[in-house]
J.: 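The structure that follows is given in the form of C-alpha cells.
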Amino acid sequence: MENTKKFVITIGREYGSGGRFIGKQLAKKLNIGFYDNELLAIASNASGLSPAVIENYDEKKDGFFTGMIPSSFGFDMSLGQKVFLAQFDTIKKIAQNESCVIVGRCADYVLRGNKDVVNIFICAPMKYKMEHVVKYYGIEKDKAHDTIIKIDKKRKNYYNFYSDCEWGKAYNYDLCINSEIGVDETVDTIISFVKAKLKIEV
C-alpha cells in the first residue's frame, strides 16, 4: 500500500557511525527525499549567502562575536547565526512539501512539535567508527580516534548551542541505534520503528 501521508525522519549521528550512508539507504528504500549536504545549496539560493559561507559555518558553532557584522544598530547577527537561520528555514520548507530524511543541522529541534516526525540518533563503538573513517573517508589510522572526537565535539557544541536539547542523549530522540549491527539491519529497524510510531504503511 502506498503511503500518502507526509513524514520526516531526522538523523543525528556520531562521526564514523555511517549515519549519512544509512540515511541515504533509508530514503532510497522508502522512495523519499534525502537531504544532507544537499541542504547547503538550497539554503544558499534561498538566503543569498554564498555557498562558501554556508559550507564554512555548516554544523559549526561560532563564538558570540565571531563574524559579527557591523550595522547602523551596532552589530548584526554573526555569519554562523545567519547560516543556522538559513538552514532552519530550508528544513521547515522541505518538511512542509515532502516526505524525506534529513541528516544533522538540528533538524529534530527545528521540527519539534511536528507530529509526523521521527527523530533518530545513530551511534557505534569507537573501534567500529575508527575502522569506518579509515576505510571510507581516507583518515589516517593513527589520526582516526582524535578526528572522531574532534568532529563529534563540534557537532555537540553546535547542537547544544542552537537547540535547548543535548546532543546524543537518548531522551531527546525517538530511537537511538547502534549501527554496528549492519547497514541493512539498521535501515530495516528504523523503517519498522517509523511504521509503528506513525501508524503508516511505507
Side-chain angles (χ1 to χ4, degrees), residues 3 5-43 46 54-55 57-61 83-124 129 151-179 181 183-200 202:
N3 175 57
K5 179 180 181 179
K6 287 197 291 289
F7 63 94
V8 177
I9 301 171
T10 74
I11 294 183
R13 73 286 187 220
E14 293 178 344
Y15 185 67
S17 66
R20 173 181 167 79
F21 185 70
I22 288 167
K24 202 165 189 175
Q25 293 300 105
L26 184 62
K28 183 178 180 180
K29 197 161 187 177
L30 293 172
N31 194 30
I32 59 177
F34 174 76
Y35 296 93
D36 183 3
N37 294 333
E38 294 79 1
L39 275 169
L40 306 188
I42 300 172
I54 295 281
E55 184 174 351
Y57 286 95
D58 183 41
E59 290 197 291
K60 296 174 186 173
K61 179 187 84 69
V83 168
F84 173 77
L85 290 177
Q87 294 184 343
F88 183 102
D89 290 341
T90 298
I91 289 168
K92 282 278 193 182
K93 289 175 183 175
I94 290 171
Q96 288 172 359
N97 293 324
E98 63 177 290
S99 294
C100 61
V101 175
I102 302 177
V103 178
R105 283 88 187 178
C106 298
D108 57 321
Y109 172 74
V110 173
L111 299 176
R112 66 196 183 281
N114 292 35
K115 63 180 181 178
D116 297 322
V117 175
V118 181
N119 301 313
I120 309 294
F121 189 83
I122 299 174
C123 60
K129 292 186 292 185
I151 292 177
D152 277 351
K153 183 178 180 181
K154 285 182 179 179
R155 288 177 176 175
K156 179 179 180 180
N157 288 342
Y158 173 86
Y159 184 90
N160 292 356
F161 181 77
Y162 285 110
S163 79
D164 57 1
C165 304
E166 192 170 355
W167 183 83
K169 294 295 184 182
Y171 53 75
N172 289 323
Y173 306 91
D174 297 306
L175 176 68
C176 294
I177 186 165
N178 181 347
S179 59
I181 63 174
V183 171
D184 290 340
E185 290 80 3
T186 301
V187 169
D188 289 343
T189 300
I190 293 173
I191 290 175
S192 294
F193 184 84
V194 169
K195 290 168 65 176
K197 184 176 189 296
L198 300 182
K199 296 178 172 55
I200 58 175
V202 295

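The structure displayed is predicted, hence computed values, not measured ones.
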J.: Say you draw a straight line from CD1 of Ile190 to NZ of Lys29; how long is it, rounded to the nearest 0.5 Å?
T.: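 Rounded to the nearest 0.5 Å, the CD1-NZ separation comes to 11.0 Å.
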J.: Report yes if the distance between the aromatic ring centroids of Trp167 and Phe121 is under 6.0 Å, otherwise no.
T.: yes
J.: Drop me the distance from Leu175's CG to Phe193's CZ, to the nearest 0.5 angstrom.
T.: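 Leu175 CG to Phe193 CZ: 5.0 Å, rounded to 0.5 Å.
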J.: Identify the two heavy atoms, one from Gly23 and one from Ile11, that lie closest to each other, and give their separation to 0.1 Å.
T.: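 The pair with the smallest heavy-atom distance is CA-CD1, 3.5 Å.
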J.: CD1/Ile91 to CD1/Ile42 distance, rounded to the nearest 0.5 angstrom?
T.: 10.5 Å
J.: Look up atom CD in Glu38 and atom CD1 in Ile102, then write down how far apart they are to the nearest 0.5 Å.
T.: 11.0 Å
J.: Under the criterion salt bridge (charged side-chain N to carboxylate O under 4.0 Å, His left out), which of Lys153, Arg20, Lys129 is the partner of Glu14?
T.: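 Only match with Glu14 under salt bridge (charged side-chain N to carboxylate O under 4.0 Å, His left out): Lys129.
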J.: Where do Tyr158 and Cys106 come nearest, in terms of heavy atoms and distance?
T.: CE2-SG, 3.6 Å
J.: Check Val8 against Ala95 and note the closest heavy-atom contact, atom names and distance.
T.: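 Looks like CG2-CB, 3.8 Å.
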J.: Do Thr10 and Val117 have side chains that get closer than 4.5 Å, going by heavy atoms?
T.: yes
J.: Do Lys154 and Tyr159 touch side chain to side chain, with heavy atoms closer than 4.5 Å?
T.: no
J.: Take Val183 and Phe21 through the side chain to side chain contact (heavy atoms under 4.5 Å, CB included) test and state the conclusion after the steps.
T.: CA-CA 8 Å; Val183 171; Phe21 185 70; 3.8 Å; yes
J.: Any idea which heavy atoms bring Ile94 and Cys100 closest together, and the distance?
T.: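 For Ile94 versus Cys100, the nearest heavy atoms are CG2-SG, 3.6 Å.
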J.: Mind running side chain to side chain contact (heavy atoms under 4.5 Å, CB included) on Ile120 and Tyr173 for me, showing each step along the way?
T.: CA-CA 6 Å; Ile120 309 294; Tyr173 306 91; over 6 Å; no
J.: Between the main-chain N or O of Glu166 and the side-chain N or O of Asn172, is there a donor-acceptor pair closer than 3.5 Å?
T.: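 Checked: pair present.
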J.: Please determine whether the number of non-hydrogen atoms from other residues, nucleotides or ligands lying under 6.0 Å from atom CG of Asn31 exceeds 12.
T.: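 No - once you tally the heavy atoms of other residues, nucleotides and ligands closer than 6.0 Å, there are 12 at most.
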J.: Strictly by modelled atom types, are Asp58 and Gln87 linked by a side-chain donor-acceptor pair under 3.5 Å?
T.: yes
J.: Using a 6.0 Å cut-off, check whether atom NZ of Lys93 has over 12 heavy atoms from anything other than its own residue.
T.: no
J.: Where the side chain of Ser99 meets the backbone of Phe7, is there a donor-acceptor pair that is under 3.5 Å apart?
T.: yes
J.: Answer yes or no: is there an ion pair linking Asp36 with Lys24, defined by an N-O contact shorter than 4.0 Å?
T.: no
J.: What's the separation between atom OG in Ser17 and atom CG in Asn178, rounded to the nearest 0.5 Å?
T.: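 Taking OG in Ser17 and CG in Asn178, the distance rounds to 9.0 Å.
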J.: Determine, stepwise, if the pair Asn157 / Tyr162 fulfils side chain to side chain donor-acceptor pair (under 3.5 Å).
T.: CA-CA 9 Å; Asn157 288 342; Tyr162 285 110; over 6 Å; no
J.: For the pair Phe161 and Lys60, evaluate side chain to side chain contact (heavy atoms under 4.5 Å, CB included) and give the outcome as yes or no after the intermediate values.
T.: CA-CA 10 Å; Phe161 181 77; Lys60 296 174 186 173; over 6 Å; no
J.: Could you tell me the separation between the CD1 atom of Ile177 and the CD1 atom of Ile22, rounded to the nearest 0.5 Å?
T.: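 CD1 of Ile22 is found 7.5 Å from CD1 of Ile177.
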J.: Taking the basic N atoms (NZ, or NE/NH1/NH2) and the acidic carboxylate oxygens, is any pair closer than 4.0 Å for Asp116 and Lys6?
T.: no
J.: A side-chain contact here means heavy atoms from C-beta on lying under 4.5 Å apart; do Leu40 and Arg105 qualify?
T.: yes
J.: Is the shortest heavy-atom distance from the side chain of Leu30 to the side chain of Ile9 under 4.5 Å?
T.: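 Side-chain contact under 4.5 Å: yes.
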J.: Is it the case that the side chain of Arg155 and the backbone of Arg13 share a donor-acceptor pair, with hydrogens and angles ignored and the cut-off at 3.5 Å?
T.: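 Yes, Arg155 side chain to Arg13 backbone: donor-acceptor pair under 3.5 Å.
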J.: Cys176 and Ala170: which non-hydrogen atoms are nearest, and at how many Å?
T.: SG-CA, 3.6 Å
J.: With no hydrogens and no angle check, just 3.5 Å: does a side-chain donor-acceptor pair link Tyr109 and Asn119?
T.: no
J.: What are the two closest heavy atoms between Ala86 and Ile54, and how far apart are they?
T.: CB-CD1, 4.4 Å
